[in-house]
Amino acid sequence: MKKMKLIGTKCEGNLRLWTTIPATRISVFASQTVNVHGNYQLEQWAVEHGRLRHCVIGTFHSDAEREILNLVLANGGKAVWFRGCRLPFQYTDVHLQAFLDGRLLVISCFNRKHHTEATARFCAHWAAMCTDHHAYWFGFKSDFLTPMSQKAFAWGKHVEIYED
């Protein structure tokens, strides 16, 4: 995005995903308690947005968020991945293919092995500020996501909410 400059960050991938706004950018948030296995709604959502070549943005910390990331990328979509810790040393085949195709950007401004609650919140807030379209998957308990979705409504964002 042109309004937010990446200063003091480490990046891997296609920086044009940040500087040139793709047609559709969607911030993705999913609770740690969302069941990934057999979650037809989540899978279909991710596959559809991948086929439409949309760009998902998020921290991809939870299993459900990582599943969305992988399905979107596997189906031709794009992604901007904010890390609450250092950049990964290894990537999956899906990630590597997305890098080669210029469809993935990984950003980190932290040099720690694992994310903390504070770094996760920072990155989630960063992802929320980058788009006008949000998608939330709520599990059994979402102390973290409920206030975020309420803020998104208050900010006038387009918000989709899915419950497990």
Taking only residues two or more places apart in sequence or in another chain, which ones pass side-chain hydrogen bond (donor to acceptor under 3.5 Å, both in side chains) with [X]?
| X | value |
| --- | --- |
| Asn14 | none |
| Ser62 | none |
| Glu117 | Arg121 |
| His133 | His158, Glu160 |

With hydrophobic residues grouped by side-chain heavy-atom distances under 4.5 Å, do Trp155 and Phe153 end up in a single group?
->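 Not linked; separate clusters.
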Do Val28 and Val47 sit in the same hydrophobic cluster, where Ile, Leu, Val, Met, Phe, Trp and Tyr count as joined when their side-chain heavy atoms come under 4.5 Å apart?
->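 Different hydrophobic clusters.
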What's the spacing between [X] [atom1] and [Y] [atom2] if we round to 0.5 Å?
| X | Y | atom1 | atom2 | answer |
| --- | --- | --- | --- | --- |
| Gln97 | Leu100 | CD | CG | 5.5 Å |
| Thr119 | Phe110 | OG1 | CZ | 5.0 Å |
| Glu48 | Asn75 | CD | CG | 9.5 Å |
| Leu104 | Glu12 | CG | CD | 9.0 Å |
| His114 | Thr116 | NE2 | OG1 | 11.5 Å |
| Thr33 | Asp63 | OG1 | CG | 11.0 Å |

Under 3.5 Å side-chain donor-acceptor pair for Asn70 and His95 |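 A donor-acceptor contact under 3.5 Å links the two side chains.
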Any donor and acceptor pair, going by atom type alone, linking the side chain of [X] with main-chain N or O of [Y] inside 3.5 Å?
| X | Y | result |
| --- | --- | --- |
| Trp126 | Phe82 | no |
| Lys78 | Arg53 | yes |
| Ser27 | Ala127 | yes |
| Arg51 | Gly77 | no |

Flag the pair [X] / [Y] as yes when at least one side-chain heavy-atom distance between them is below 4.5 Å, and no otherwise.
| X | Y | value |
| --- | --- | --- |
| Leu52 | Thr24 | no |
| Trp81 | Ile107 | no |
| Val106 | Arg83 | yes |
| Ile57 | Ile26 | no |
| Arg25 | His54 | no |
| Leu71 | Glu67 | yes |

For [X], all residues meeting side chain to side chain contact (heavy atoms under 4.5 Å, CB included), sequence neighbours excluded:
| X | result |
| --- | --- |
| Asp132 | Lys157 |
| Gln41 | Asn39, Tyr162 |
| Tyr136 | Phe29, His134, Phe138, Leu145, Met148, Ser149, Ala152, Val159, Ile161 |

So which heavy atom on [X] is nearest to which on [Y], and how close?
| X | Y | answer |
| --- | --- | --- |
| Ala64 | Leu42 | CB-CD1, 3.8 Å |
| Ala124 | Thr59 | N-CG2, 3.5 Å |
| Cys55 | Val80 | SG-CG2, 4.0 Å |
| Val72 | Ala46 | CG2-O, 3.4 Å |
| Ser108 | Leu87 | CB-CD2, 3.9 Å |
| His61 | Glu65 | N-OE1, 2.8 Å |

Can you sort out the partners of Lys151 under salt bridge (Lys or Arg N to Asp or Glu O under 4.0 Å), two or more places apart, ordered by chain and number?
->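 With neighbours one apart ignored, the set is empty.
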Any salt bridge (charged side-chain N to carboxylate O under 4.0 Å, His left out) pairs touching residues 95-110, not counting sequence neighbours?
->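 Counting only pairs at least two positions apart or across chains, the salt bridge (charged side-chain N to carboxylate O under 4.0 Å, His left out) contacts touching residues 95-110 are Asp101-Arg103.
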Could you pull out all residues at least two apart from Tyr91 that satisfy ring-ring contact (aromatic ring centres under 6.0 Å, His included)?
->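 Checked Tyr91 against ring-ring contact (aromatic ring centres under 6.0 Å, His included); matches are Phe99.
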Remaining members of hydrophobic cluster (4.5 Å side-chain criterion), Phe89 =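 Noted: Phe89 shares its cluster with no other residue.
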